[in-house]
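Side chains are part of it too, since the values below use all heavy atoms of this structure and drop only hydrogens, waters and symmetry mates.
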Amino acid sequence: MKKKAVFTIVSNNYLHYALTLMDSLEGVNPDLDKFICIIDKPYHNIEYLDLKYEIIFVNKIGIPNLDDILFKYNILEASTAIKPWVFEYILQKNYDNIIYFDPDIYVYKSIDYIFELLKENFIILTPHLTDLLDDGYSPGELDIIKAGCYNLGFIGIRRETQLSKFLKWWQSKLVNQCYIAFEEGIFVDQKWIELVPSIFDKVFLLRDDGYNVAYWNLNHRKITKDKAGNYYSNGNKLIFFHFSGLDPLKPRKLSKYQNRYKVKDIKLVKELVLQYISKLKCNGLVNYINIPYTFNYFSNGIKIHEGCRKFYMKGNDYFIKKHINPFNSYDFFSNYLGIDKAESSLIKQTPTSNKKVKFTSVKDSMMGVNLIGYAKHETGLGESVRIAAGVFEEAQINFNFINFTKGNNSRASDCTYDGRFTDPKDARYPINIFHINADQIPIVYNELGKKFFKNKYNIGYWHWELPDFPDAWSQSFNIIDEVWVPSDFVLNAVSKKTKLPVIKIPHAIDLEVKGLANKRDYDIPEDTTLFLTMFDCFSFYQRKNPLGVIRSFKKAFNKNENVFLIVKINNPTQEVISILKKEKDENILLMPSILTKQEINDLMNICDCLVSLHRSEGFGLPVADAMYIGKPVIATAWSGNLEFMKPFNSLLVEFDLVKIGSDYGPYTKGNTWAEPRYEQASELMRKIHLDKDFRKKIGEAARNYIITHFSKETIGSYYKKRIDFLFRNK
């Protein structure tokens, strides 16, 4: 008996679709071998061995120049491009008849008839249309022509003499021309398959109305149901339905690719949709849907944007010949294309909110923003809003500055903007920008009142330090209209949880050093190598990890060496001081005393190296500040600090991603953060101590990078462009 198999291709965030497809096949064809090809890397939270079906990871298939395909194509393009190689891989396992299904298909009845057809035919295809589609809705017949006559959500293939020729031909086309470009006559793999019936023999077009029912052919396929609960399409048994473009979280439309049907108006199809969504939920929809697609990111964690893919597609021969992995080439793209194009700035493909706010009639005198935040508080959030105010002044953006105090218990003695504050009732501009995190937005709403938000465009500038944004804070999305974030790391976390525009606008870095401090002020000889680490107890010391710095320092040096470590503690608690005291040596100074911002800048200026072995950062202002001053920085190579820390301008410590073992404020048990490799951190500390030339070189590279990319002028242009965009388009 000839072996038969079916397979599908998904990334981790589509696994619930693949499992639901395979479960449906298992119910009607348990004899078939079933494969799920995962075009992704293994995700730490998934037990793949427990998924019942055979899992094939894309890197195990043997696709030549796989990185080339995965980098230049987006997820849709890449998933279709690898299809012929997956066929070839499974055929090598001695299967003679293989069927591919898109993961968003559900099979209701046995597909034995397809295998019967494969006894006499080489390839089985289903046409998009078997009747007219000219009622004025989308898609129409012209749309179908552009996308391709046959739907490649399904294809069946039999082993025979034409097979090698077909697969090699198909692979040769998809390796470089499997993208979406209607103007070029290309739509992933589908347009190429139009040539198959004329080039190859024994190609069967399966026109039976029960196969591959979907939004594109439902106009001429009537769904009915008998008393036994069996579904039919034009009187034929419904074999499989293709739920292409269905949003299982908001199933108002049958598909996002059409405007012909609303689910509520097609009763039996609505029944199918609701049943299908229920099965997706049972197969882990909520668990899988927000897993990031690995190949959307450079190896340093920064998101790859379309401009990089298109640029690479034109010059990929260079990378292939030189055996250069494009995923490791962020600095090349950043330097060649410029930061605005290589990174996720607001300039490229700016999203828009659905909120209807009329700005077009606003007088020039009203074109400005209301800036709200903890303007006097000596915390990272306080510094965040003060930085924004300085940028607005530099960019000549009109703004009212509102000092918000409720819900923040830190010291509030910063006088930088005293005399500049506006009473909330006098906040006259039509845009509100809240430099206040998501968890506090409801407090702001209750304190300032509904009127303050009404008829305004409300923007939350938010920080967050883990890959998963807390569901408990989701109510804040209902209060604001847009989110701004300081890094790609935060952007990725927030954008998974909302359809609101999420815009990256990093912090500007600009600080004054007066040189009023020296090492002798702390009884430290001037020729001593001084390391500095800083943290705020309100930010949770478990995340900031000063213990890791102290232990790495002690491992790196003995007590008699000419080195010293200062641990600066902001908003100290007795508990934290007690913990750190147990670890300190005589060449380690705990500094819980209150310092002004200027005094902190001067302290940073006298150190020889800043160390931050954090477990996660949303941005990392102290790190960026130290780099601005020209200090080498040793820090964990993960999270928001990678926005500005690069291998050529800093000392990055490798890490392991681990589960958080206990709740630490908002950083709850079971979430993920980094555990730095302390032995490497110790080695880097020794290198800084022993090699002054290297120390100077890294410090200069750090300063040059920060000044070039994070100046008030540069970041001000980001603010100005987005604000101007809002006024032009509202």
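- F535 does not carry R543 over the face of its six-membered ring by the limits of under 6.0 Å from the centre and within 45° of the normal.
- Using modelled atom types, one side-chain atom of N458 and one backbone atom of F453 make a donor-acceptor pair closer than 3.5 Å.
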Taking distance alone, no hydrogens or angles, what donor-acceptor pairs closer than 3.5 Å link side-chain atoms of residues 510-517 to residues at least two apart or in another chain?
residue : atom : partner : partner atom : Å
D510    : OD1  : Y628    : OH           : 3.0

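- Using a distance-only test at 3.5 Å, with no hydrogens or angles considered, a donor-acceptor pair links the side chain of Y417 to the main chain of G390.
- The two residues Y429 and G368 come nearest to each other via the heavy atoms CB-O, 3.1 Å.
- A pairwise comparison of heavy atoms in A375 and F401 identifies CB-CZ, 3.6 Å as the closest pair.
- Side-chain contact between S476 and P442 is present, with heavy atoms from C-beta onward closer than 4.5 Å.
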Task: side-chain contact (heavy atoms from CB on, under 4.5 Å) between Y522 and F564, intermediate numbers included - done: CA-CA 10 Å; Y522 303 97; F564 208 90; over 6 Å; no
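- Within 6.0 Å of atom NZ in K584, more than 12 heavy atoms from other residues, nucleotides or ligands are found, so the atom counts as buried in its surroundings.
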Open item on the list: Between I372 and F452, is the side-chain contact (heavy atoms from CB on, under 4.5 Å) condition met? List the steps.
Closed with: CA-CA 11 Å; I372 305 99; F452 189 86; 4.0 Å; yes
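- Between the NZ atom of K456 and the CD1 atom of I480 there is a distance of 15.5 Å, given to the nearest 0.5 Å.
- Atom CD1 of residue I634 and atom OG1 of residue T533 lie 10.5 Å apart, to the nearest 0.5 angstrom.
- Rounding to the nearest 0.5 Å gives a distance of 11.5 Å between CG of L610 and CD1 of I566.
- Judged as a salt bridge (Lys or Arg N to Asp or Glu O under 4.0 Å), the pairs with a partner in residues 618-627 (not counting sequence neighbours) are, in order, K597-D625.
- The environment of CD in E393 is crowded: more than 12 heavy-atom neighbours from other residues, nucleotides or ligands sit within 6.0 Å.
- The shortest distance between side-chain heavy atoms of I459 and I503 does not fall below 4.5 Å.
- With sequence neighbours excluded, the residues satisfying side chain to side chain donor-acceptor pair (under 3.5 Å) with W484 are E482.
- In this structure the side chain of F404 never reaches within 4.5 angstrom of the side chain of V385, judged on heavy atoms.
- Between the CH2 atom of W464 and the CG atom of L466 there is a distance of 4.5 Å, given to the nearest 0.5 Å.
- Note on D247 versus K253: no salt bridge recorded, every NZ/NE/NH1/NH2 to OD/OE distance being 4.0 Å or above.
- Between the side chain of W638 and the backbone N or O of L642 there is no donor-acceptor pair closer than 3.5 Å.
- For the pair N492 (side chain) and K303 (backbone), a donor-acceptor distance under 3.5 Å is absent.
- Identified under the salt bridge (Lys or Arg N to Asp or Glu O under 4.0 Å) test for residues 368-381, with sequence neighbours left out: K376-D418, E378-R411.
- Of all the heavy atoms in I436 and I441, the pair that sits closest is O-CD1, 3.7 Å.
- By the 4.5 Å heavy-atom criterion applied to side chains, I569 and Y541 are not counted as neighbours.
- Residues satisfying the side-chain contact (heavy atoms from CB on, under 4.5 Å) criterion with E583, sequence neighbours excluded, are L547, I550, R551, K554.
- Within the 4.5 Å cutoff, the side chain of I505 has heavy atoms near those of the Y719 side chain.
- Applying the side chain to side chain donor-acceptor pair (under 3.5 Å) test to T422 and every residue at least two apart in sequence or in another chain returns nothing.
- With a 4.5 Å cut-off on side-chain heavy atoms, L621 and I387 count as touching.
- Using a 30° and 60° split on the angle between ring planes, Y705 and H709 fall in the tilted class, from 30° to 60°.
- In this structure a side-chain-to-backbone donor-acceptor pair under 3.5 Å is present from K631 to N605.
- For the salt bridge (charged side-chain N to carboxylate O under 4.0 Å, His left out) test, no residue two or more places apart in sequence or in another chain qualifies with D585.
- In this structure, F477 and W462 have tilted ring planes: the angle between them lies in the 30° to 60° band.
- Using modelled atom types, no side-chain atom of N400 and backbone atom of A427 make a donor-acceptor pair closer than 3.5 Å.
- The side-chain contact (heavy atoms from CB on, under 4.5 Å) check on D523 picks up nothing, with sequence neighbours excluded.
- The side-chain heavy atoms of I289 and L249, taken from C-beta on, include a pair separated by under 4.5 Å.
- Panel note: side chain D414, backbone T416; a donor-acceptor pair is recorded below 3.5 Å.
- Residue pairs meeting the salt bridge (Lys or Arg N to Asp or Glu O under 4.0 Å) criterion with at least one member in residues 659-678, sequence neighbours excluded: R615-E675, E654-R677, D656-R677.
- Relative orientation of the W673 and Y667 rings is tilted, given thresholds of 30° and 60° on the angle between their planes.
- Judged by distance alone, with hydrogens and angles left aside, the side-chain atoms of N571 form no donor-acceptor pair with the main-chain N or O of D536 at under 3.5 Å.
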TODO: Check step by step if side chain to side chain donor-acceptor pair (under 3.5 Å) holds for Y664 and N671.
DONE: CA-CA 11 Å; Y664 304 115; N671 278 300; over 6 Å; no
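- Listed by chain and residue number, K519, T529, L530, R695 satisfy the side-chain contact (heavy atoms from CB on, under 4.5 Å) test with D608 (two or more places apart in sequence, or in another chain).
- The backbone N or O of H614 lies less than 3.5 Å from a partner atom in the side chain of T636, making a donor-acceptor pair.
- Taking both residues in full, the closest heavy atoms of P292 and Y43 are given as CD-CE1, 4.4 Å, listed atom of the first, atom of the second, then distance.
- With sequence neighbours left out, the side-chain contact (heavy atoms from CB on, under 4.5 Å) criterion links S384 to H435, Y461, H463, H507.
- Proximity of a side-chain donor or acceptor of N601 to a complementary backbone N or O of M604 within less than 3.5 Å is not detected.
- Using a 3.5 Å distance cut-off with no hydrogens or angles, the side chains of Y445 and N478 do not pair a donor with an acceptor.
- To the nearest 0.5 Å, atom NZ of residue K582 and atom CD1 of residue I577 are 13.5 Å apart.
- Counting only heavy atoms from C-beta outward, the side chains of Y330 and K646 approach each other to under 4.5 Å.
- Atoms CG and CG, on L532 and L565 in that order, are 8.0 Å from each other to the nearest 0.5 Å.
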- [ ] Show your working on side-chain contact (heavy atoms from CB on, under 4.5 Å) between I304 and F298 and close with a plain yes or no.
- [x] CA-CA 6 Å; I304 300 167; F298 287 101; 3.7 Å; yes
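- Counting only residues at least two apart or in different chains, ring-ring contact (aromatic ring centres under 6.0 Å, His included) contacts with residues 589-611 are absent.
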- [ ] Kindly indicate, with the supporting measurements, whether the criterion side-chain contact (heavy atoms from CB on, under 4.5 Å) is fulfilled by V369 and F392.
- [x] CA-CA 10 Å; V369 302; F392 287 170; 3.6 Å; yes
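- When all heavy atoms of A438 and F469 are compared, the pair lying nearest together is CB-CZ, 3.5 Å.
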